[in-house]
Amino acid sequence: MSSDDARNAEAAAAVPQPEAKRVATETTPLVRPSRVSIAALLLNELPDTPAVPDAEQGGGGGGGHPGEGEEDPESDGEYVHIPAPDAEGATHAVVGGQEGQRRHSSVFRADIEEHIRKADPSMFQWLLSPGGMTFQIGLCVTLVAISAYEAVVKKRALDNPGSNFVSASITTNASIISVLVSLAWAVYMKEFWSIFDRQTFGPRMLRYIIPGCGFQLTSYLQVLALGFIATDVFKVLEQTRLLITALMTMQVFGKKQSIAGWNALVVITLAAISYTETKNLVGKEECLSKVPPDCKKGESKAMTVGLIITAVFVLLQVGCCILCEMVLKDEKKTPFYIQKFFLELPGSIFGLIIANIVNPIMYKILLGDPFNFDPTSESVKPLKGKDGNLFEHFFTPFAGWNFGVWMAFFLFMAKSWCSGFLTKQLSAIVKQLCSTFAVGIIYFLMQVHPKTGPFFYPEGLGSIHQSMVIADFCVLCAVISYTLAGRDKKRKEQFKKEAHTARMERNKVA
């Protein structure tokens with residue numbers, strides 16, 4: 001071959017080939033989108049995307065896995081997702097208007113949505129199709145149904161006159177079984193020995209021990225409060241945690257709300273108090289309208305005790321969430337089932353102490369001065385179990401469990417696990433709206449599923465009181481307005497940044 005032929009061959013090799021004709025080699029592999037399944041989407045096991053420039057982000061990096069390399073835009077770099085036993089209270093209490101700056105095309109977090117778009121564009125297009133929208137609506141409906149029915153069925157199990165189980169056994173047994181489920185999941189994922197690694201097990205357990213015990217205590221207080229007040233009243237008063245969270249995060253993290261946000265928080269608190277007062281007035285009116293009047297003695301005393309327990313529950317729940325934000329920031333990339341193990345292990349041990357020691361002591365206190373509750377009353381009967389003795393639950397952990405208690409237990413587990421997965425994937429606004437709608441429908445579900453009698457009683461809808469419906473919608477609209485106020489604040493800040501950038505570019509051109 002002549003020198004001219006050699007130069008021509010080198011020039012031909014240097015000419016870029018068309019994109020469709022490139023052949024994958026060991027040095028220049030073809031990048032193919034990975035398939036994203038629905039299970040991988042829900043379990044947050046999305047495939048890694050190649051670190052290629054993204055034209056929509058101005059050629060910036062990208063790729064990797066959601067939660068790696070950059071902060072979740074909805075968490076504003078502060079909050080982590082907490083797999084608490086009461087997933088709703090833990091994950092929703094810290095929303096506080098931290099919605100991301102990007103407009104959503106789905107119900108999922110912005111970083112997960114972007115990851116799906118890069119890893120599997122066909123999956124992203126399916127999410128925008130009618131079938132995908134139906135799937136997303138189904139996820140939200142599932143989250144709302146689990147949250148609402150868990151509270152209604154739990155209250156029905158506690159008020160069942162034929163049951164004699166220890167109320168604390170539901171939360172304690174759920175924590176113990178959650179530990180076993182977490183270990184089984186780790187074995188399946190071949191990460192069992194990574195949990196018990198010598199270098200990480202001790203420090204990680206120290207980080208989780210206080211939050212785990214704290215959430216176990218709040219779960220017990222929730223069951224305890226439901227014995228004294230109605231389910232809808234408890235869930236409505238629980239919304240006051242938004243105001244408490246905003247005050248605590250302002251002191252701890254320096255996070256400030258907008259004027260509209262503070263106004264909405266005050267309205268939520270007043271609406272919750274108004275709902276409680278309306279419930280009391282309607283209850284008194286109904287019992288006095290009967291012939292003869294059927295107003296049970298001690299109801300006002302039980303209501304007072306229930307309100308005090310609810311106040312303690314809200315303060316502890318918010319405090320645990322704030323504490324988690326401070327000590328568990330490094331656990332954002334840890335798989336959910338491993339987080340669940342380290343959270344539930346100390347919680348189950350503390351739960352055994354609560355069910356076998358604290359609960360019997362609480363039962364004796366409520367029977368004595370200054371409370372003087374009747375041992376046969378609906379309020380303290382769930383605390384008694386069989387005899388109300390110490391270590392009664394330890395020897396017979398499932399004593400007195402009937403079908404209603406098992407149903408409440410499985411719904412509690414579903415809320416702890418299924419809702420935990422969903423709330424880790426959904427956007428902040430969607431999570432808060434789902435929680436709000438769950439609270440809004442509880443009053444109507446209580447009429448369909450009364451605490452005594454047949455489980456399904458649609459005729460109960462005829463006893464709905466107009467005043468309660470109005471108060472219910474006041475709470476619902478107040479929480480929605482607060483959620484939207486936080487989103488609007490973020491959008492306003494983003495628009496200001498964009499306008500400032502546009503002015504700077506115009507000045508450069510001028």
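Just so we're clear, the structure is a prediction, and the values are computed from it rather than from any experiment.
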Can you tell me if [atom1] on [X] sees more than 12 non-hydrogen neighbours from other groups inside 6.0 Å?
X: Ile259; atom1: CD1; answer: no
X: Gln466; atom1: CD; answer: no
X: Leu206; atom1: CG; answer: yes
X: Phe398; atom1: CZ; answer: yes

Stepwise, does the side-chain contact (heavy atoms from CB on, under 4.5 Å) test hold for Val448 with Tyr457? CA-CA 5 Å; Val448 179; Tyr457 185 69; 6.0 Å; no
Could you label the plane-to-plane angle of the His449 and Phe456 rings as parallel, tilted or perpendicular, counting under 30° as parallel and over 60° as perpendicular?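 His449 and Phe456: tilted rings.
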Should the ring pair Phe444 and Phe473 be called parallel, tilted or perpendicular, given that the plane angle runs from 0 to 90° and is split at 30 and 60?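 Geometry flag for Phe473 against Phe444: perpendicular rings.
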Looking only at non-hydrogen atoms, find the nearest pair between [X] and [Y] and report the distance.
X: Gly400; Y: Asn164; answer: CA-OD1, 3.4 Å
X: Gly404; Y: Val153; answer: O-CG1, 4.1 Å
X: Gly306; Y: Ala225; answer: O-CB, 4.4 Å
X: Ala151; Y: Thr231; answer: CB-CG2, 3.5 Å
X: Leu237; Y: Ala272; answer: CD2-O, 3.9 Å
X: Asn173; Y: Trp401; answer: ND2-CZ2, 3.3 Å

[X] versus [Y]: any side-chain heavy-atom pair under 4.5 Å?
X: Thr218; Y: Phe215; value: yes
X: Cys140; Y: Val107; value: yes
X: Ile464; Y: Val469; value: yes
X: Tyr443; Y: His465; value: yes
X: Lys301; Y: Phe373; value: yes
X: Phe135; Y: Leu127; value: yes
X: Thr310; Y: Thr240; value: no
X: Leu307; Y: Thr276; value: yes

State the [atom1]-[atom2] distance between [X] and [Y], to the nearest 0.5 angstrom.
X: Gln432; Y: Thr483; atom1: CD; atom2: OG1; result: 4.0 Å
X: Leu265; Y: Leu270; atom1: CG; atom2: CG; result: 11.0 Å
X: Leu352; Y: Ser169; atom1: CG; atom2: OG; result: 11.5 Å
X: Gln425; Y: Leu143; atom1: CD; atom2: CG; result: 12.0 Å
X: Tyr220; Y: Thr171; atom1: OH; atom2: OG1; result: 9.0 Å
X: Phe313; Y: Leu217; atom1: CZ; atom2: CG; result: 10.0 Å

Indicate, with yes or no, if the rings of Phe455 and Phe403 have centres closer together than 6.0 Å.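 No; Phe403 has its ring centre 6.0 Å or more from that of Phe455.
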Taking [X] for its side chain and [Y] for its backbone only, find out whether a donor-acceptor pair lies under 3.5 Å.
X: Thr396; Y: His393; value: no
X: Asn356; Y: Phe394; value: yes
X: Asn359; Y: Ser167; value: no
X: Lys381; Y: Asn160; value: yes
X: Ser435; Y: Lys431; value: no
X: Glu392; Y: Lys386; value: yes
X: Ser463; Y: Gly460; value: yes
X: Lys155; Y: Leu226; value: yes
X: Ser348; Y: Ile176; value: no

Show your reasoning for whether side-chain contact (heavy atoms from CB on, under 4.5 Å) applies to Phe371 and Val380. CA-CA 11 Å; Phe371 302 102; Val380 299; over 6 Å; no
Identified side-chain hydrogen bond (donor to acceptor under 3.5 Å, both in side chains) counterpart of Lys340 within the set Ser182, Ser178, Ser416: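 Result for side-chain hydrogen bond (donor to acceptor under 3.5 Å, both in side chains) with Lys340: Ser416.
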State whether Phe412 and Lys154 meet the cation-pi test: NZ (Lys) or CZ (Arg) under 6.0 Å from the six-membered ring centroid, and within 45° of the perpendicular axis.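 No, Lys154 does not sit over the ring of Phe412.
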Please report the C-alpha distance between Gln339 and Tyr208 in whole Å, then the side-chain angles of each, then the deciding distance to 0.1 Å, and finally whether the side-chain contact (heavy atoms from CB on, under 4.5 Å) criterion is met. CA-CA 9 Å; Gln339 290 182 344; Tyr208 276 93; 3.3 Å; yes
Distance only, no hydrogens: is a donor on one side chain within 3.5 Å (strictly under) of an acceptor on the other, for Glu113 and Ser106?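 The criterion, which ignores hydrogens and geometry beyond distance, is satisfied for Ser106 and Glu113.
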Met250/Trp262 under side-chain contact (heavy atoms from CB on, under 4.5 Å): CA gap, chis, key distance, verdict: CA-CA 12 Å; Met250 183 178 65; Trp262 285 116; 3.8 Å; yes
